[in-house]
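Just so you know, these numbers come straight off a predicted model, no measurement behind them. In what follows, chains are A, B, ... by sequence order, proteins preceding strands, each numbered from 1.
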There are 4 protein chains.
Amino acid sequence: MTNATRWQRKKDVRPGEILDAALTQFVEKGFRATKLEDIARAAGVTKGTPYLYFANKEEIFKAVVRETQVANLSKLQAMSQQYDGSSRELLRAFVEQWWQQVGATPSGGLCKLIMAETANFPELAQFYFNEVILPARQMVAQVLERGIAQGEFRAVPIDTTVETLLAPLIHQLIWTHSFATVQGGRSAAENDPCRVLLDGLDLMLNGLLPRD
Amino acid sequence: MTNATRWQRKKDVRPGEILDAALTQFVEKGFRATKLEDIARAAGVTKGTPYLYFANKEEIFKAVVRETQVANLSKLQAMSQQYDGSSRELLRAFVEQWWQQVGATPSGGLCKLIMAETANFPELAQFYFNEVILPARQMVAQVLERGIAQGEFRAVPIDTTVETLLAPLIHQLIWTHSFATVQGGRSAAENDPCRVLLDGLDLMLNGLLPRD
Amino acid sequence: MTNATRWQRKKDVRPGEILDAALTQFVEKGFRATKLEDIARAAGVTKGTPYLYFANKEEIFKAVVRETQVANLSKLQAMSQQYDGSSRELLRAFVEQWWQQVGATPSGGLCKLIMAETANFPELAQFYFNEVILPARQMVAQVLERGIAQGEFRAVPIDTTVETLLAPLIHQLIWTHSFATVQGGRSAAENDPCRVLLDGLDLMLNGLLPRD
Amino acid sequence: MTNATRWQRKKDVRPGEILDAALTQFVEKGFRATKLEDIARAAGVTKGTPYLYFANKEEIFKAVVRETQVANLSKLQAMSQQYDGSSRELLRAFVEQWWQQVGATPSGGLCKLIMAETANFPELAQFYFNEVILPARQMVAQVLERGIAQGEFRAVPIDTTVETLLAPLIHQLIWTHSFATVQGGRSAAENDPCRVLLDGLDLMLNGLLPRD
DNA sequence: TATGAATGAGGGTTCATTCAT
DNA sequence: GATGAATGAACCCTCATTCAT
């Protein structure tokens, strides 16, 4: 195969390459500002090629979401089920896992993007909410309930507590992909964002300890 | 007030009316999806008029941010200085005030929008960070330090704790302007988002109590 | 107003100019092959301007049809109502009128275009059929029935006769805008197509005479 | 026939299969709206294959016309030569034959398509005119002249009469492939279009009878 | 021969921006 | 100042055509 080859035939890997490129571009510029040609060029193809695999820009976006977001959750759920340590330790493990799999990866940028674009893609927002947000909440709720049942935590309202526990994660995600990029936005402490999350978790877990 | 006077006056308030309209439109649809004509119509003028006061759409966005954000903080700062109750109560008062002044207003939507658009408007993000985020952090840091000095809180790392305390506020902002609009996104608890914030604060304040 | 004026403001006449240009272009090239920019240039504007007055290319097409086709019919109907000569003479007058108003004008080319494009625009075809074809048939049917009632014509089946009477007109339309343009397509006789139509009509009217 | 033989044979008929498929597709959708891939799929081959036999889409169209049209006429001509009944009956036989061989077949749709596309394919229109239209006219002219010579018809101008006699056929063709598909376009009478043609012919033949 | 992945010019449509009135 | 008709660059998407396999 000579260098003059205009393109390579790679039907089986193309979709993946395009989605990878799309993920990067979307995270970098947002949905509207990303041109199909940007994605194509980043994937090493020309502007028509993505349309061989995806109906339109929006479908590319959805495919990226599906590819990146749902799998992560399953891993955490599996971990939760086979865990036999304390609820406190399980929650800490959640945070560490999540940070490695999502928070510190482009996947996290996508999550931020979705929240930024809900107004333009209500359908997508709904999908993400159902497939990712709700299951994540339920997972944490179960740990919380178990901890309360076993006397490890005191009895707190589940709903609001779950949201309070998850808030720092979402906040960190947003932050990493917004103000963290400006001058001073990444504080000394945030050079290890996972550390911040674990510190925060500790703080909240203290608040969950049974009062004497 | 004569007709002539009213028109005279109109001339001076025009830019403000345009910015008000722009705020609403931007928050509702995002920067890209907002058409200049939308803004103009919402401001009661025609397509070309905004260009008499602003160089282009981007400048309108910047002006909206500058106009809207700075004022809010001063009130909270004033409250902080003249407060003589417990640090705990002051923090609770902060949250309530903030929710009323910012969180539940278009101003909050703008904050979310800025986070969504940081990549496209780094300069603007920097401005917002310097003028709003940093002062807010410092204010909370002061209360925290005071509380620790007075033995009301135990000695915790200031930086990370401040961020942990502020995270739920920003999270709530994001949420209100993203998933709150999808089916199920607004849970029963969230019908009173301020309640969620106060509950969360209580949880964290418990964690700040000195251990015996 | 200097020569340097990039464009003229002519809100009230623009739509008409665009439709005129569109008629010419559509007749010349067909719907698909006509570019919006062709229409715009022919109308002396740039490609964005037509969209100030029409939603899209298809709407321009429909507007052209409405503007050109329906009015013609009304004139013929008016003529029919106030006519008091013989049915035979009325039919001859129809043909002459129609040729002047439709057959020999760009409007006739449009009629041909519609038939050519029915597959692509069923909705438009339906519109044209309802608004133009059916009324024209009814008009001729009435004359025929009157002629039979008054003993001027013998009793023939109305439906098929109407279609046979109209066929040469439609045929002439199609012909003028198709094969008439090729070498030899315009026969000596056809240099006066209206003559052909009237001769044909005479032939058919002879067939309608009561047999003795 | 072995498998090998069948494949061998396949090679020879491929172009024909492609033209058959193209005929159907062109008639159904028109030239522009027919995608090469549609043709290929209908022919049971893939996208690139037609290009092994034809230079481009336009050449396929031309080939379709050349292949399809010429054969039809010969049969009618043969019939004309060996006919020894009345000219009137011969004309009736012509019409019936034509409707069966052309009018009611895709071949008729192609004729309509050519008329629709003359502007885009003048060369093709010329070919069709020379090879099909002119011979058909001459054939009818001969019958007419014979009928006049034998006193069966009165002396009418040949050219215009031929065109008048052929007009309903072309009209029917146009109609079948345009308005016949809309609501109401196919009238009760038209459920048997050949009937309409024969009725019309009778009408005209009455007009051709010698006046006493 | 045949395939079908890839190309890339082309065209419809949008909308920020301009400027004669 | 204000208007709003007009501009024209930009972008999404299509599909005839190519060519490595």
Working for side chain to side chain contact (heavy atoms under 4.5 Å, CB included), residues E58(D) and F61(D)
CA-CA 5 Å; E58(D) 197 159 321; F61(D) 187 39; 5.6 Å; no
To the nearest angstrom, the CZ-C1' distance between R32(A) and dA10(F) comes to 12 Å
Heavy atoms of A63(D) and F54(D) approach each other most closely as CB-CE2, 3.7 Å
Within residues 19-29 of chain A, those residues having any heavy atom closer than 4.0 Å to DNA chain F are none
To the nearest 0.5 Å, atom OH of Y128(D) lies from atom OG1 of T68(D) at 9.5 Å
Here the distance between atom P of dA6(F) and atom CD of E17(C), to the nearest Å, is 9 Å
Between dA6(F) and R14(C), is there an OP1 or OP2 to side-chain N/O distance shorter than 4.0 Å? yes
*Indicate yes or no: at least one non-hydrogen side-chain atom of K47(B) is less than 4.5 angstrom from one of R41(B).*
no
Counting the atoms with a prime plus P, OP1 and OP2 as sugar-phosphate, which does Y53(C) contact under 4.0 Å by heavy atoms, base, sugar-phosphate, or nothing? sugar-phosphate
Checking dT3(F), dT17(F), dA6(E) against the side chain of Y51(D) (C-beta onward), the nearest is dT17(F)
CD1 of I39(D) to CZ of F26(D), rounded to nearest 0.5 Å, is 4.0 Å
Check this for me: does any side-chain nitrogen of one of R66(D) and E131(D) sit under 4.0 Å from a carboxylate oxygen of the other? no
From CG of D12(A) across to C1' of dG4(E) the rounded distance in Å is 13 Å
Taking dT13(E), dT17(F), dA6(F) as options, the one with an atom nearest any side-chain atom of N56(D) is dT17(F)
Checking dC13(F), dC11(F), dA6(F) against the side chain of K57(A) (C-beta onward), the nearest is dC13(F)
Residue set satisfying side chain to side chain contact (heavy atoms under 4.5 Å, CB included) with V45(C), at least two apart, ordered chain then number -> R14(C), A40(C), A43(C), T49(C), P50(C)
For DNA chain E, the expected dot-bracket line (Watson-Crick or G-U under 3.5 Å, [ ] crossing, | inter-strand) is .||||||||||||||||||||
Taking for T49(D) and for T34(B) the nucleotide of DNA chain E with the nearest heavy atom, the one nearer the 5' end belongs to T49(D)
Compile the donor-acceptor pairs under 3.5 Å between side chains in residues 109-122 of chain B and protein atoms, sequence neighbours left out, one pair per line.
residue, atom, partner, partner atom, Å
K112(B), NZ, M115(A), O, 3.2
K112(B), NZ, H177(B), O, 3.3
T118(B), OG1, M115(B), O, 3.1

Is any side-chain heavy atom of L19(C) less than 4.5 Å from a side-chain heavy atom of Y53(C)?
no
In whole angstroms, the gap separating C1' of dC13(F) from CD of E58(A) amounts to 14 Å
Taken to the nearest whole Å, CZ/F54(A) to C1'/dT14(F) is 18 Å
Result for 5'-nearest mapping on DNA chain F, choosing between L52(A) and G48(D), is L52(A)
Whole-Å distance, K35(B) NZ to dT13(E) P, equals 15 Å
Smallest heavy-atom separation, P106(C) atom then V27(C) atom, equals O-CG2, 3.7 Å
Listed pairs under 3.5 Å, donor-acceptor, residues 29-36 of chain A side chains, sequence neighbours left out:
residue, atom, partner, partner atom, Å
K29(A), NZ, Q25(A), OE1, 2.8
K29(A), NZ, D38(A), OD2, 3.0
T34(A), OG1, Q25(A), O, 3.2
T34(A), OG1, G30(A), O, 2.6

Nearest heavy-atom approach of A125(C) to F179(D) is O-CE2, 3.5 Å
Residues in residues 36-47 of chain C with a heavy atom under 4.0 Å of DNA chain F, by number, are V45(C), T46(C), K47(C)
